[in-house]
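Below, read A as the first sequence line, B as the second, and so on, with proteins coming before strands; counting in each chain starts at 1. Only this structure's heavy atoms are used, side chains among them; waters, hydrogens and symmetry mates stay out.
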There are 2 protein chains.
Amino acid sequence: MENFDDTVFALGEVEALKRAVAIFKTVPSTLVGSGDDAAVVALNDHRMVVTTDTMVENHDFRTDFSTGFDLGFKAVASNLADLAAMGATPVALTVAMVVTKTTTQMWLEDFARGLQAGLDQLAPTAEIVGGDLASGEQIVIAVAAHGQLGDRQPVLRSGAKSGDIVAVAGTLGRAACGLDLLLHKDQSLAKAYDEWVAVQLRPNPPIQLGVEAGALATAMLDVSDSLALDVNRLAKASGVTIELSTGKLSGYAAVLELAAQSMTSRDGMERDPMDWVLFGGEDHSLLATFPESAALPRGFKAIGKVVGESAGLVLLDGQELSPKGWDSVSS
Amino acid sequence: MENFDDTVFALGEVEALKRAVAIFKTVPSTLVGSGDDAAVVALNDHRMVVTTDTMVENHDFRTDFSTGFDLGFKAVASNLADLAAMGATPVALTVAMVVTKTTTQMWLEDFARGLQAGLDQLAPTAEIVGGDLASGEQIVIAVAAHGQLGDRQPVLRSGAKSGDIVAVAGTLGRAACGLDLLLHKDQSLAKAYDEWVAVQLRPNPPIQLGVEAGALATAMLDVSDSLALDVNRLAKASGVTIELSTGKLSGYAAVLELAAQSMTSRDGMERDPMDWVLFGGEDHSLLATFPESAALPRGFKAIGKVVGESAGLVLLDGQELSPKGWDSVSS
């Protein structure tokens with residue numbers, strides 16, 4: 001019987017990769033998959049869209065909170081959200097991994113199952129076409145994701161126009177609430193509100209809705225660092241002023257109210273769920289602007305409006321909103 | 001005056017990246033470059049070729065041996081060699097980086113200059129189109145490189161046929177000799193033989209020759225882990241027996257003879273330069289097979305022959321050659 005306590009280190013790169021790669025499904029657009037010097041992928045156009053995102057142990061995740069499966073799923077979800085934010089359909093991903101001397105082959109295969117589950121759920125026509133496995137002092141996951149545009153133009157951050165509706169597809173604040181639940185001294189709370197914890201561990205961005213909305217959106221980006229920061233980025237790139245209203249965001253906060261109260265009842269610290277909605281990251285929802293005249297695409301909910309041109313200003317109920325959020329180097 | 005001792009950590013991700021990205025040149029094929037959720041790249045075909053390679057501090061490099069510039073150059077060179085080995089012309093690269101709390105902005109910009117210098121020298125029509133900067137306990141560099149095929153078929157490892165000539169473009173053994181010079185207790189030797197040290201620090205793979213040879217090659221791969229190991233991979237993938245001869249490899253060893261003798265004179269340990277040629281990695285030369293009837297492409301030198309079909313056997317002067325080389329996890 002196979003010993004699943006074997007470390008990746010003991011198996012060596014070739015054998016460890018072979019076993020992990022066996023977990024991945026293949027799709028028809030992959031002309032040459034893993035195993036050669038490079039992969040070859042068929043696209044529906046002469047253009048490719050590419051993004052890369054990195055997750056580092058004890059900085060972006062903790063292995064006592066996240067399983068290998070969770071991390072594989074999250075790595076796929078966060079990268080696919082960047083593609084969807086361009087209006088691009090995901091096609092192929094590469095995964096560069098650093099594992100440690102104690103990483104088990106069982107963990108690596110659980111991670112590979114998480115990658116595949118992320119694709120199954122969010123982009124079943126895409127494939128993990130290649131990767132690299134290296135050794136280091138902490139786990140690092142660097143995914144590069146590739147998409148195609150067909151006959152579409154990419155949706156940039158810079159296209160928002162005065163009068164456009166600002167809208168969101170996906171959740172806001174849940175991932176940040178989930179992280180606070182995981183970090184709370186009363187460990188039972190993470191179990192009681194496991195739905196919010198699940199969004200932190202395995203975010204579920206609306207990939208297909210984003211790709212569909214790409215046909216209509218004037219600007220789009222994925223909310224990874226915080227709503228406040230990412231709206232600010234869109235306003236700056238487009239040279240516009242965006243006005244958000246608390247009233248239109250209150251629904252996102254309301255569902256997190258009970259979790260906030262439970263945390264406060266245990267530690268006496270007051271919490272405003274609206275802080276998670278405005279300043280929390282990692283939901284990987286899609287923020288977009290649409291012409292005022294158009295019906296909002298399926299899955300999008302209006303949260304504000306582009307009210308004029310400027311160097312990039314965001315107002316909440318008429319007050320300037322500070323672009324607070326996650327900085328992946330200094331945080 | 002700007003203080004170049006500033007750490008990346010102190011500057012934050014956004015400002016640090018902005019300054020580093022300013023170093024990169026742009027090329028016409030990049031339709032959308034750094035700064036949005038993803039980059040968009042024009043290709044000369046409906047297919048993209050993608051490869052990824054990772055370098056980890058104290059496992060794949062040491063910052064007391066390699067400058068930031070060296071590492072940027074090497075990261076580009078090693079990834080481009082994988083593209084060339086498919087016969088693909090490099091178009092675009094993404095760079096995912098992990099830096100530490102002590103990494104200076106000066107180091108990061110030196111690294112960026114090394115990336116650009118690698119492109120200038122090896123693939124001037126390609127661009128660094130995006131990246132990601134994260135924080136961790138050790139430096140990690142994960143590059144994904146993208147190429148295009150035009151009307152060509154990709155050159156796989158599996159196409160070698162009985163009767164084919166086995167040939168190499170680029171150097172063999174120099175990078176391994178350079179590493180032994182760096183590791184030698186007599187530090188003056190690395191200066192005396194700095195040409196071999198330079199191949200270790202900034203390998204110079206024959207990218208353009210590889211792309212040209214792709215029109216004729218029946219199989220190709222880049223020699224990253226060792227000649228013995230990579231010839232074995234080609235033989236296995238193609239299901240052939242390959243016979244190499246020491247006579248045809250002796251020229252690669254001869255130029256390293258003096259460095260070997262100098263090392264031996266300092267520490268009394270005997271060295272055979274042929275060990276570097278056969279079992280040393282990181283020259284990133286291109287190993288290819290060509291039809292017997294054809295003239296070898298520019299830059300390629302015959303080192304052996306495909307002598308028959310098998311499960312994958314490599315002979316050196318009639319004796320089986322052990323596939324020893326670098327394993328990036330267990331080494």
Side-chain angles (χ1 to χ4, degrees), chain A residues 8-10 12-14 16 31-32 36-57 59-60 82-83 85-86 88 92 94 96-99 129-138 140 142 144 146-147 149 154 156-157 221-222 327-331, chain B residues 8-10 12-14 16 31-32 36-57 59-60 82-83 85-86 88 92 94 96-99 129-138 140 142 144 146-147 149 154 156-157 221-222 327-331:
Chain A
V8 174
F9 185 81
E13 180 187 12
V14 174
L31 304 175
V32 177
D36 218 296
D37 292 84
V40 184
V41 176
L43 304 171
N44 63 2
D45 180 44
H46 278 64
R47 298 167 299 173
M48 67 152 192
V49 182
V50 58
T51 182
T52 183
D53 197 38
T54 313
M55 298 183 348
V56 182
E57 185 177 2
H59 290 253
D60 301 297
D82 283 320
L83 291 181
M86 303 295 283
T94 59
M97 284 286 292
V98 180
V99 296
V129 297
D132 189 33
L133 192 58
S135 182
E137 308 309 318
Q138 62 188 158
V140 178
H146 304 82
L149 290 163
L156 307 185
R157 301 177 174 194
L221 83 175
D222 105 288
D327 182 297
S328 69
V329 170
S330 299
S331 296
Chain B
V8 174
F9 185 80
E13 180 187 13
V14 174
L31 304 175
V32 177
D36 218 297
D37 291 86
V40 184
V41 176
L43 304 171
N44 63 2
D45 181 43
H46 277 66
R47 298 167 299 173
M48 67 153 192
V49 182
V50 57
T51 182
T52 183
D53 197 40
T54 313
M55 297 179 357
V56 182
E57 184 177 3
H59 290 253
D60 301 299
D82 282 319
L83 291 181
M86 303 295 283
T94 60
M97 284 285 292
V98 180
V99 297
V129 297
D132 189 31
L133 193 58
S135 182
E137 309 308 317
Q138 62 188 159
V140 177
H146 305 82
L149 290 163
L156 307 185
R157 301 177 174 192
L221 84 176
D222 105 287
D327 182 296
S328 68
V329 171
S330 300
S331 295

Trainee: My understanding is that only residues two or more places apart in sequence, or in another chain, count here; which of them pass side-chain hydrogen bond (donor to acceptor under 3.5 Å, both in side chains) with Asp82(B)?
Mentor: none

Trainee: Among Ala96(A), Gly136(A), Gly131(A), who wins on heavy-atom pairs under 4.5 Å with chain B?
Mentor: Gly136(A)

Trainee: Could you check whether any side-chain N or O of Thr51(A) sits under 3.5 Å from a backbone N or O of Asp37(B), counting only pairs where one atom can act as donor and the other as acceptor?
Mentor: yes

Trainee: At their closest point, which heavy atom of Ala144(A) faces which heavy atom of Thr94(B), and how far apart are they?
Mentor: CB-OG1, 4.4 Å

Trainee: Does the side chain of Val40(A) reach to within under 4.5 Å of the side chain of Met48(B), using non-hydrogen atoms?
Mentor: no

Trainee: Please round to the nearest 0.5 Å and tell me the distance separating atom CG of Leu221(A) and atom CG of Asp36(B).
Mentor: 7.5 Å

Trainee: Does any heavy atom of chain A fall under 4.5 Å from the side chain of Ala39(B), the backbone, both, or neither of them?
Mentor: both

Trainee: Checking Val140(A) against chain B: side chain, backbone, both or neither under 4.5 Å from a heavy atom?
Mentor: side chain

Trainee: Would you check if the side chain of Asp45(A) reaches a backbone N or O of His46(B) as a donor-acceptor pair within less than 3.5 Å?
Mentor: no

Trainee: Can you tell me which portion of Val98(B) sits under 4.5 Å from chain A's heavy atoms? Options are side chain, backbone, both or neither.
Mentor: side chain

Trainee: Counting heavy-atom pairs under 4.5 Å to chain A, which of Met86(B), Arg47(B), Met55(B) comes out on top?
Mentor: Met86(B)

Trainee: State, without any angle test, whether Thr52(B) and Asp132(A) hold a side-chain donor-acceptor pair at a distance under 3.5 Å.
Mentor: no

Trainee: Compare all side-chain heavy atoms of Glu137(A) with those of His59(B) and state whether any distance is below 4.5 angstrom.
Mentor: yes

Trainee: At a 4.5 Å cut-off on heavy atoms, which part of Asp222(B) comes close to chain A: side chain, backbone, both, or neither?
Mentor: both

Trainee: Between Val56(B), Val41(B), Val49(B), which has the largest tally of heavy atom pairs under 4.5 Å with chain A?
Mentor: Val41(B)

Trainee: Select one option (side chain, backbone, both, neither) describing which atoms of Ala92(A) are under 4.5 Å from chain B's heavy atoms.
Mentor: side chain

Trainee: Using a cut-off of under 4.5 Å on heavy-atom pairs, state which of Arg157(B), Met97(B), Gln138(B), Glu57(B) scores highest against chain A.
Mentor: Arg157(B)

Trainee: Could you look at Val32(A) and say if it's the side chain, the backbone, both or neither that has a heavy atom under 4.5 Å from chain B?
Mentor: side chain

